[in-house]
Amino acid sequence: MDMSSGWSIYIIVLVAAHIVGYLWLLFTSSRMQSDEHKDGDTTGHVWDDDLKEYNNPLPKWWLYLFILTIVFSIGYLTLYPGMGNYKGTLNWTSFSSWEDENKDVMAKRAELFSTFINKPVTEMVKDTKAMEIGERLFANHCSTCHGSDAQGAVGFPNLTDNDWLYGGDPDTIIQSITAGRNGIMPPWGAALGDEGVKQVAAYVKSFTDKSQNVELAAEGQKKFAMFCSSCHGADAKGNYMFGAPNLTDNTWLHSYDSGIVETAIMQGLSGKMPAHGELLDKDSIKVLGAYVYSLSND
Ligand code: HEC
Ligand code: HEC
């Protein structure tokens with residue numbers, strides 16, 4: 001960012017005055033020494049009777065080094081920014097330096113990506129390089145929620161099985177990553193009442209748990225048709241359109257511990273997958289999509 005011209009002038013004067021000042025100091029002190037003093041002269045200061053202060057000229061190597069640093073500073077301030085708002089003949093900025101490095105990295109990446117990025121996802125999954133990159137991207141951007149093994153956790157879907165909330169074809173996976181998802185299941189406690197919740201829960205559980213009370217489940221089935229089938233489907237096998245899970249299998253997005261199904265029905269549920277379209281470029285998302293696709297398709 002440019003500073004105001006007042007500050008700029010102040011800094012230029014300060015820097016220039018320092019350089020001129022050093023030169024002057026160097027010049028006068030070396031003249032003084034060579035004109036008036038010889039090697040071995042003392043300043044006249046004496047301590048403890050015999051401790052004298054010599055006034056020898058500066059060693060030559062030291063003098064040259066000093067001059068060299070001044071020459072260096074002038075060269076540096078010509079090439080690089082340092083004199084107020086003057087940008088230096090190289091036009092260097094820390095940002096342009098970062099930009100150049102970044103350009104190199106992006107060029108190398110584009111070269112690497114070019115070997116597979118135009119393949120369809122179903123072909124890209126056979127490219128080990130692409131899958132390695134996908135795995136790394138996944139570790140960086142997705143594993144906090146879906147786990148480093150992509151097997152998910154309570155509320156975060158397992159991406160390695162073939163059980164999908166929104167669909168497991170390449171385009172849908174890429175859409176899930178790009179735009180995000182927000183599955184909402186409204187609360188049903190008020191509409192169903194305690195007894196109704198128990199009945200519907202018994203019905204939902206009866207698909208995988210044969211110990212459920214048959215009459216309770218039969219009552220539940222009727223209520224399910226009224227309240228739940230619009231999202232979960234008449235057969236309770238779910239609906240990709242709403243991200244409503246299949247309730248007939250033993251894969252649970254939330255959990256099947258005692259009471260969880262009842263609580264879920266009573267209080268509702270929601271899951272949010274953040275959109276990554278702004279965070280990641282299209283190519284990275286495609287590689288990620290291919291990686292996720294590969295986890296459940298050999
Ligand atoms: C902040 C947590 C979070 C992060 C980070 C996250 N996800 Fe998700 N993801 C979720 C949740 C929660 C869902 C389920 C959304 C729902 O319930 O509707 C989900 C759903 C998905 C789905 C849809 C699954 C299905 O069954 O249809 C895919 C695919 C997916 N995520 C991939 C990714 C990828 C790839 C990344 C990394 C770029 C990622 N997610 C990062 C939380 C996250
Ligand atoms: C508006 C659509 C909608 C309706 C209506 C609906 N659900 Fe859901 N349900 C969902 C969604 C979406 C999820 C997944 C929530 C998430 O993404 O976390 C879900 C999740 C569930 C789960 C958890 C499944 C799991 O794998 O953990 C159960 C159980 C469930 N619903 C039962 C019901 C029952 C019973 C009814 C009727 C009383 C019902 N749902 C009505 C949309 C709906």
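Both ligands and their constituent atoms are indexed starting at 1 by order of listing. Just so it is clear, the structure is predicted and the values come from calculations on it, not from any experiment.
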J.: Is a side-chain donor or acceptor of His232 paired with a backbone partner of Pro245 at a separation under 3.5 angstrom?
T.: yes

J.: Is there a heavy atom of Ser270 sitting under 4.0 angstrom from any atom of ligand 2?
T.: yes

J.: Between Asp169 and Thr172, is a side chain to side chain donor-acceptor pair (under 3.5 Å) present by the stated rule, with each step listed?
T.: CA-CA 5 Å; Asp169 63 284; Thr172 306; 2.6 Å; yes

J.: Does Arg109 come within less than 4.0 Å of Asp104, counting only side-chain N to carboxylate O?
T.: no

J.: Does the separation of the ring centres of Phe116 and Phe113 fall below 6.0 angstrom?
T.: yes

J.: At a 4.0 Å threshold, what atoms of ligand 1 neighbour a non-hydrogen atom of Gly155?
T.: 12 (C)

J.: What's the shortest distance from atom 27 (O) of ligand 1 to any protein heavy atom, and which residue and atom give it?
T.: Tyr166 N, 2.9 Å

J.: So that I know where these two stand, are Trp98 and Phe95 an aromatic pair - ring centroids less than 6.0 Å apart?
T.: yes

J.: Assert yes or no for the condition that the ring centre distance of Phe224 to Tyr203 is strictly below 6.0 Å.
T.: yes

J.: Would you call the rings of Tyr80 and Trp92 parallel, tilted or perpendicular, where under 30° means parallel and over 60° means perpendicular?
T.: perpendicular

J.: Can you tell me which portion of Leu137 lies within the under-4.0 Å heavy-atom range of ligand 1? Options are side chain, backbone, both, or neither.
T.: neither

J.: What atoms in ligand 2 come closer than 4.0 Å to a heavy atom of Phe242?
T.: 12 (C)

J.: Give the numbers and elements of all ligand 1 atoms closer than 4.0 Å to a heavy atom of Leu165.
T.: 14 (C), 17 (O), 25 (C), 26 (O), 27 (O)

J.: Need the ligand 1 atom indices (1-based, order shown) with element for anything under 4.0 Å from a heavy-atom of Gly183.
T.: 16 (C), 18 (O)

J.: For Leu288, counting its heavy atoms only, list the atoms of ligand 1 lying under 4.0 Å from any of them.
T.: 38 (C)

J.: Indicate whether the side chain of Glu99 and that of Asn102 have a donor and an acceptor atom separated by less than 3.5 Å.
T.: no

J.: Counting from 1, what ligand 1 atoms have a heavy atom of Val292 closer than 4.0 Å?
T.: 35 (C)

J.: Which atoms from ligand 2 have a heavy atom of Val200 less than 4.0 Å away?
T.: 35 (C)

J.: Can you check whether Val121's main-chain N or O pairs, donor with acceptor, with Lys286's side chain at less than 3.5 Å?
T.: no

J.: Scan Asn162, Asn158, Asp163 and name whichever one has a side-chain hydrogen bond (donor to acceptor under 3.5 Å, both in side chains) with Thr160.
T.: Asn158

J.: For a distance under 2.8 Å, give residue and atom name for each protein N, O or S atom next to atom 8 (Fe) of ligand 2.
T.: Met185 SD, His232 NE2

J.: For ligand 1, find out whether one of its N or O atoms is nearer than 3.5 Å to an N or O atom of Phe138.
T.: no

J.: Considering only NZ, NE, NH1 and NH2 on the basic side and carboxylate oxygens on the acidic side, decide whether Lys205 and Glu262 come within less than 4.0 Å.
T.: yes

J.: Tell me the protein heavy atom at minimum distance from atom 18 (O) of ligand 2, and give that distance in Å.
T.: His254 NE2, 2.6 Å

J.: How long is the straight-line distance from OG1 of Thr93 back to NZ of Lys87, given to the nearest 0.5 Å?
T.: 9.5 Å

J.: Kindly say whether the aromatic ring centers of Trp164 and Tyr240 come within a distance under 6.0 Å.
T.: no

J.: Is the distance between the ring centroids of Trp61 and Tyr64 under 6.0 Å?
T.: no

J.: What protein N/O/S atoms are there under 2.8 Å from atom 8 (Fe) of ligand 1, waters excluded?
T.: His146 NE2, Met273 SD

J.: Show which atoms of ligand 2 fall inside a sub-4.0 Å distance from at least one heavy-atom site of Trp188.
T.: 5 (C), 6 (C), 38 (C), 39 (C), 41 (C)

J.: What's the verdict on side chain to side chain donor-acceptor pair (under 3.5 Å) for Ser97 and Ser94, showing C-alpha distance, side-chain angles and the deciding distance?
T.: CA-CA 5 Å; Ser97 160; Ser94 52; over 6 Å; no

J.: Would a distance-only check, ignoring hydrogens and angles, find a side-chain to backbone donor-acceptor pair under 3.5 Å from Ser8 to Ser4?
T.: no

J.: Tell me: protein heavy atom nearest atom 26 (O) of ligand 2, and distance?
T.: Leu253 N, 2.7 Å

J.: Looking only at distances, can you tell me whether any N or O atom of His141, backbone or side chain, sits closer than 3.5 Å to an N or O atom of ligand 1?
T.: no

J.: Could you find the nearest protein heavy atom to atom 17 (O) of ligand 1 and give me its residue, atom name and distance?
T.: Gly271 CA, 3.5 Å

J.: Under 4.0 Å between a Lys/Arg side-chain N and an Asp/Glu carboxylate O for Lys129 and Glu132?
T.: yes

